[in-house]
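Report on one structure; see the data block that follows.
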Amino acid sequence: MNSITPFPQSHSTPEQVAFHRTELGVILSLYGRMVAAGEWRDYGISTLRDVAVFSVFRRTAENPLYRIEKRPKLRNRQGQYAVIGIDGQVLKRGHDLRTVIRVLERKLIRAVE
């Protein structure tokens, strides 16, 4: 009657997906440069069971301009990282985060007169 039965634990799947510290460093480096350029003003991070999302906003009350998503289940297929535009279109997908967010760095390149 007094025996304790532990809950089964599965160590194969995490409870939620999150960005690693090095991944956040890469993303926040780009974010800082875009804020300095006056392009972005706010961000939000969501950690869910299947996906981690870094959303970028021009203003706080708007829909996100871009979403940087990490989906580990797609690691062996198209790649676990993706940049998604405001309309839901996938702008870039791949295995390397630096390569994927390079599509957003093009916004920093402007002609100097």
side-chain contact (heavy atoms from CB on, under 4.5 Å) assessment of Val100 paired with Ile68: CA-CA 9 Å; Val100 171; Ile68 301 169; 5.9 Å; no
Leu104/Trp40 under side-chain contact (heavy atoms from CB on, under 4.5 Å): CA gap, chis, key distance, verdict: CA-CA 11 Å; Leu104 299 175; Trp40 298 347; 4.0 Å; yes
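Taken from CD1 in Ile45 to CG in Leu24, the straight-line distance is 5.0 Å, to the nearest 0.5 Å. Taken to the nearest 0.5 Å, the CZ atom of Arg93 stands 6.0 Å off from the CG atom of Leu74. Rounded to the nearest 0.5 angstrom, Ile101 CD1 and Leu30 CG are separated by 5.0 Å.
Both Leu91 and Tyr31 belong to a single network of hydrophobic side chains, linked directly or stepwise wherever heavy atoms of I, L, V, M, F, W or Y lie under 4.5 Å apart. At a threshold of 4.5 Å between side-chain heavy atoms, the hydrophobic network of Ile, Leu, Val, Met, Phe, Trp and Tyr places Val26 and Val103 in one connected group.
With Tyr81 as the fixed residue, the side-chain hydrogen bond (donor to acceptor under 3.5 Å, both in side chains) test singles out one of Glu23, Glu69, Lys92, Arg98: Glu23.
Nearest heavy atom pair, residue Lys73 against residue Asp50, reads NZ-OD1, 4.0 Å. Residues Lys70 and Val17 come closest through the heavy atom pair O-CG1, 3.8 Å.
For His95, the NE2 atom is densely surrounded, since the number of other residues' heavy atoms within 6.0 Å is greater than 12.
Using a 4.5 Å heavy-atom threshold, the side chains of Tyr66 and Phe54 count as separate.
Under 4.0 Å is where a charged nitrogen must lie from a carboxylate oxygen, and between Arg33 and Glu105 at least one such pair does.
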